[in-house]
Amino acid sequence: MVTPPSTNGKETIIQVKGVTNRFGSHTVHEALDLDVYRGEILGVVGGSGTGKSVLLRTIIGLQKPAAGTLRLFGQDPQALSPRERAALDRRCGVLFQQGALFSSLTVTENVAVPLIEHAGLTRPQAEALAGTKIALAGLPANAGGKYPSELSGGMIKRAALARSIALDPDILFLDEPTAGLDPVGAAAFDELVLTLRGALGLTVFLVTHDLDTLYAICDRVAVLSNRKVLVADTLEAVAANPDPWIQSYFHGPRGRAAGTANSHRKEHS
Ligand SMILES: Nc1ncnc2c1ncn2[C@@H]1O[C@H](COP(=O)(O)OP(=O)(O)OP(=O)(O)O)[C@@H](O)[C@H]1O
C-alpha cells in the first residue's frame, strides 16, 4: 500500500509534476504542476484551448504526456500491472462533455454496463444496483426504462453521472457538466455534485467555464494559462490575482454577476 503525500495536513490524491503535452509542434502544457487534495471540489478554468480537457485526459490516462510524472493515490499509473491499472481506473469516475451514453440502451442498461464489465456482476444484480445509482443522481425511478433520446439535457447529464458513480469511485472527473443546461438546471446539477461529494466522500476535478459553479461549489480553483497552472487557490485568492485574464474573467460583467448572486445566496442561507 503506497501512502499518498501530505501537504499542510491535506492528503494529495492526484499529483501532476512537470507534465508536458504536445500535439505536433503545438505545446499545450509545459512543465505543469498541480496537486488535488482528498475531498475537495477543484474547479479548473482557463481560456478556450488552454488544455483543461487535455489535462483531465492526461490524469485519467487517455493522453500520454511527453514529459513529467503523475501520481494517483500515491501510485505511478505507468508503473502498474494491467490488473493494478484496472483497479486504479475503477477509482476514477468520469463524466465527459457530451455525456456519451449508449443511445440504444436504456438508462438502467447504460448504468449497468460498467457494473457488468468491471465489477463482474450478473445483469440482474447490475440492473438492481443501477437503480440505486439512478436515484442518487436525482432521477425519478421511471427514468431507468427510458432511452437517452427520451430525456431532457439535464436528465441526460444526471444519467451520465449515475453511470460515472456506478463503481463507487473515489474521484469524479467532470468535463463542463453544466454546459448546455439552463441556469436553473445548471444550479440543480451543482447542488447534486455538492450533495454527492458529501454523501460519497468524493474528490471532484471539475473543468468548467461556469462562474456560478465556481462560486457555488468549488473549494479551490486552478487557472490554466500559458501552458501551466498559473494559480491554484481559494476563489477569493484567485480572484485577487492581478493576471489580466483572471481579472477580466472574475471582474468582467459575468464575473461580477456571479459574485453578487453568490453573496445573496450566502445571506439567505
Ligand atoms: N487529439 C488532439 N490532437 C491534436 N490537438 C489536440 C488534441 N486534443 C486537444 N488538442 C489541442 O490541444 C489544445 C487544448 O485543448 P483542450 O480541449 O484541452 O482545451 P480546453 O482548455 O479544454 O478548451 P475549451 O475550453 O475550448 O473546451 C487545443 O489547441 C486543441 O486543439
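All values reported here derive from a predicted model rather than from experimental measurement. Each ligand, and each atom within it, is numbered from 1 in the order the structure gives.
- Ring-plane geometry between Phe205 and Phe173 is classed as tilted, the angle between the planes lying from 30 to 60 degrees on a 0 to 90 degree scale.
- Considering only non-hydrogen protein atoms, atom 23 (O) of ligand 1 sits nearest to Gly49 N, 3.0 Å.
- Given atom 21 (O) of ligand 1, the protein heavy atom at minimum distance is Lys52 NZ, 2.8 Å.
- Ionic pairing of Asp219 and Lys10 is not present here: no N-O contact between side-chain nitrogen and carboxylate oxygen is shorter than 4.0 angstrom.
- Heavy-atom contacts of Gly51 reach the following atoms of ligand 1: 14 (C), 16 (P), 18 (O), 19 (O), 20 (P), 21 (O) (cutoff under 4.0 Å).
- For atom 24 (P) of ligand 1, the closest non-hydrogen atom on the protein side is Ser48 OG, 3.7 Å.
- Protein heavy atom at the shortest distance from atom 8 (N) of ligand 1 is Phe23 CZ, 3.5 Å.
- Between Val28 and ligand 1, not a single N/O pair is under 3.5 Å apart.
- For Thr20 (side chain) and Glu30 (main-chain N/O), no donor-acceptor pair under 3.5 Å exists by modelled atom type.
- Residue Val54 holds the heavy atom nearest to atom 15 (O) of ligand 1 of all those in Asp175, Val54, Leu224.
- Using a 3.5 Å distance cut-off with no hydrogens or angles, the side chains of Asn21 and Thr58 do pair a donor with an acceptor.
- The hydrophobic cluster containing Val36 also contains Leu62, counting ILVMFWY residues as joined when their side-chain heavy atoms lie under 4.5 angstrom apart, directly or transitively.
- At the shortest separation from atom 17 (O) of ligand 1 among protein heavy atoms lies Ser53 CB, 3.7 Å.
- Electrostatic pairing of Arg71 and Asp35 does not count as a salt bridge here, judged by no charged N lying under 4.0 Å from a carboxylate O.
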| request: Assess whether side chain to side chain contact (heavy atoms under 4.5 Å, CB included) is satisfied between Leu34 and Val19, documenting all intermediate values. | output: CA-CA 9 Å; Leu34 178 67; Val19 158; over 6 Å; no

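- Close approach of ligand 1 to Glu176 is summarised as follows: ligand atoms under 4.0 Å from at least one heavy atom of the residue are 25 (O), 27 (O).
- Of the protein's non-hydrogen atoms, His26 CE1, 4.9 Å is the one closest to atom 30 (C) of ligand 1.
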